[in-house]
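Before any comments, here is the structure.
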Amino acid sequence: MSSRLLEVSGLTTRFETRSGALNAVEDVSFSVSEGEIVGLVGESGSGKSVTGFSILGLIDPPGRIVSGSVKLNGRELVGLSHADLRSVRGREIAMVFQDPSATLNPVLTIGTQMRLAIAAHESMSKAAATHRCIDVLTIVGIPDAARRIEAYPHQFSGGMRQRVAIAIALLNRPRLIICDEPTTALDVSIQAQILTEMKSLAARLGTAMIWISHDLATVSSVASRLLVMYAGRLIETGPIAAVLRQPHHPYTRGLLNSLPGFAKPGQDLVQIPGAMPSLVNLPVGCSFRPRCTHAQDDCTLLPAFATDGARAFRCHHPLDLPVPASEARP
Amino acid sequence: MLGFVIQRVLQALVVMLVISALVFMGVYAVGNPIDVLISPDATQIIREQTIRAYGLDQPLWKQYLDFLARLLSGNFGRSFVYNMPVLDLIFSRLPATIELTLAAVFGATLLGVPLGIYAGYRPDSPISKTIMAVSILGFSVPTFWIGLVLIFTFAVTLGWLPAGNRGETATLFGVEWSFVTWNGLTHLFLPALNLSLFKFAMMVRLARAGTRETMLTDTVKFARAAGESEWTILSRHVLRLIAIPIVTVFGLELGSTLAFAVVTETIFSWPGVGKLIIDSIATLDRPVMVAYLMLVAFFFIMINLTVDIAYAALDPRLRTRRAS
C-alpha cells in the first residue's frame, strides 16, 4: 500500500442545537492513501457530509470539532489558524458539492470564478490564469473551452456545470478531492459518464478521492475501499469487493439487500425496518440495535471497532465471519 | 438589448400620456385659481379678462389638448404667481434638489451597504449591533425632528455648520452648484445628512438581510472550500449576489427624494423644487404643479429604465431571457 495521505482519527464533530448537543460525527477514524478512491456511504443525516466538511475545517457554528485529529501528510489540520486552513483548502484538499447550480455563482462567468480560485493560492497574470483554466476545462471534457470560459453557469447543462465545478476543484492540483454526492443531482446517463471520467481522472492525475454518497451502487463503481456510516459512526470499512460480497455488519447487509442490483430477480427488495434514530436521542449502545434483526442483550453496550485484516466493523454479532468454522452461518 | 430599450421607451411614452391626463384632470379639479390671482374686489371685466388670458374659459378637453400641444412644443406655460416661464422657474430650482438628493442617496448607499454587509457577515459582534441600533433610529425617528435636532446641535449650540440656505455657489456646466465651493459644501452637509438617514437605515437592512442569506448558500461554501479569502467572498461573490434589491431601492429612493425632499428642504430653507411645489400647491399655481408632476413622472421613468438596464448588467440570467 502506498503512503498515507490523509489520516483521520477519533474525529468527533458536535452541534449545539436548541434541542441539545448532538454528535453529527462521532469517533470516526479512517485513512486515505495517495491516489486511492474511498467511498463513504450512509443515509441522509448519517454524518458523511459533516465528515467531509470537518476534514476541511468548514464547520460553521453552532457546530465544531470537539476532538480527534485530521492529518494530511502527517500535518495536523484540526486547530490550524484560519489563514493556514485556507491555504490547505483548494490547494491540497478540494471539494465538489452535490448541486452545481447552487455552488457556482450565477452572476459571474465561469472564467472569473476559476480565476478567483487560482488567485486564492497563486498570483499570476490574468492570461496565465486563463490559460490554466482552459487547460483544466479541457481535461474535464468541456468542448471549446477557450470560448466557453466567458459563459455564465446557466448557459451550461447540469452535467457540464458539474464538470466546471470539478475543474475548479482541480485547478490548484490538489492531492485529495472530497466529492460530496457530485452525481446525485444529475441525470442517470450523465451520472455514469461523470463517474467514469472522474475515476480515470483520479487515476491519471494521481489524485485521491473521498466519494461521499448515499448510493452504494454509485460508490461501488468508483471506489476501491468502502466506509459505511450510520448515525454519526463508522460501522464497517474494508476493500469494496469484499464488503459487498460478504458484509459483516447487519446494517451493510440491509443496505445491500435493499439495492435492486444486488437482489435476486423476481424477489421483492428487502427494506431495513424502522428509520435512523434522531442524533439528539441515540439509543444506548449500538445505534442500529432497534432496527437490527440480530440484536441481542449485549448490544446495549457500544461495540468497539473490531479490525480483521483490511476490514473493520462495529458489531458484537458480525455476519459471515470466515473464522472460526464452528460459528460460520449456514 | 436595443429592442428592450426601444420597447421600454415606447411604454414610457404611453405612461407619460396617461400621467399628463391624470395630472391635468387632478389639478383642474382643485379650486379656482382666479380667486387666488386677483383681488376679490376686482371688477367683473378684469376678472373675465384674466380668465380669458389664462385660457380658463375654454372647455376642459380643449384646455387639455392645448396643454398637450404646448407640452410637445416644450412650452409648459407661465407661472401664475412668478409670472415667468414654468420651465425656467423649475430649472432654476432643480440643481439645488439634484445635488441634495445625490449627496443623500449616494452617501447613504456608499456607507450603508458596506456596514450592512458587515452586520450580515458578523451578526453577533457588538459593532453590528450598534449599526443595527442606528438603523432602527433612522427608520423610526421622523425626518423633520432629526432635522431640527441637527440644526439645534450643529448650527445653534456648536455653531459648526450653517443652519440653512445653499451658501456660496459656483458655476459648473452652466449651472449653479453648492458642492463645488467649501462654503456651499458646509451648507449641503446637514440637509444631506438629514435626508440620508432613512435611506442609510434601509440600505443597511437590505445589505444585511441579503448577506446573511447569501452566506449560508453553497456558493459561499464552495468558494471557501476552494480556499478563497473571506474578503474575496464578500467583495466578489456576496456583493454581486445581493446587488439587485439594492439597485432597486437605490432607484426608487433617488426618484422619490428628487420629487419629494419637501420636508428637509423646508426645514433647511433649501431652495429646491420640493419647496417650490408646496408653495405652488398653496397658491394653486397650476402650470407649475402640472409641469412639476410631469417632470417627476419623467424622472421616475428614466430611473426605472436605468435600473432595468442595470439588472441585466448585474444578472446575466435576465440578459438571455430578454434576448430570447
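Residue numbers start from 1 in every chain, and the chains themselves are labelled A, B, ... in the order their sequence lines are given, proteins ahead of strands. Both backbone and side-chain heavy atoms feed into the values below; hydrogens, waters and symmetry mates do not.
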Answer key: most heavy-atom pairs under 4.5 Å with chain B among G90(A), A94(A), A119(A) is G90(A)
Does anything in residues 104-114 of chain A get under 4.5 Å of chain B by heavy atoms, and if so which residues?
-> L104(A), N105(A), P106(A), V107(A), L108(A), T112(A), Q113(A)
Under 3.5 Å side-chain donor-acceptor pair for H237(B) and E228(B) | yes
Backbone N or O of Y152(A) within a donor-acceptor pair of the Q155(A) side chain at under 3.5 Å?
-> yes
Flag if over 12 foreign heavy atoms under 6.0 Å of CD, E213(B) = no
Using a cut-off of 6.0 Å, state whether more than 12 heavy atoms not belonging to F299(B) lie near its atom CZ.
-> yes
Under 30°, 30 to 60°, or over 60°: which ring-plane class applies to F97(A) and F222(B), parallel, tilted or perpendicular?
-> perpendicular
Best-contacting candidate, L241(B), L216(B), T232(B), against chain A by heavy atom pairs under 4.5 angstrom | L241(B)
If contact means a heavy atom pair closer than 4.5 Å, which residues of residues 193-210 of chain B contact chain A?
-> none
L239(B) versus V113(B): any side-chain heavy-atom pair under 4.5 Å?
-> yes
What part of I93(A) gets closer than 4.5 Å to chain B, counting heavy atoms only: side chain, backbone, both or neither?
-> backbone
State, to 0.1 Å, how close P100(A) and G158(A) come at their nearest heavy-atom pair, and which atoms those are.
-> CG-O, 3.9 Å
Could you tell me which of I168(A), I118(A), T103(A), V88(A) has the largest number of non-hydrogen atom pairs under 4.5 Å with chain B?
-> T103(A)
Side chain, backbone, both or neither: which part of L116(A) has an atom under 4.5 Å from a heavy atom of chain B?
-> both
Residues, nucleotides or ligands: over 12 heavy atoms within 6.0 Å of F139(B) CZ = yes
So, Y118(B) and T211(B): side-chain donor and acceptor under 3.5 Å apart, yes or no?
-> no
Give a yes/no verdict on a cation-pi contact between R148(A) and F156(A), requiring under 6.0 Å between NZ or CZ and the six-membered ring centre and an angle within 45° of the axis.
-> yes
In terms of side-chain heavy atoms, does Q98(A) have a donor or acceptor partner in T184(A) at a distance below 3.5 Å?
-> no
Using only heavy-atom distances, determine whether the side chains of T13(A) and S54(A) contain a donor-acceptor pair under 3.5 Å.
-> yes
Answer with side chain, backbone, both or neither: which region of A165(A) has an atom nearer than 4.5 Å to a non-hydrogen atom of chain B?
-> both
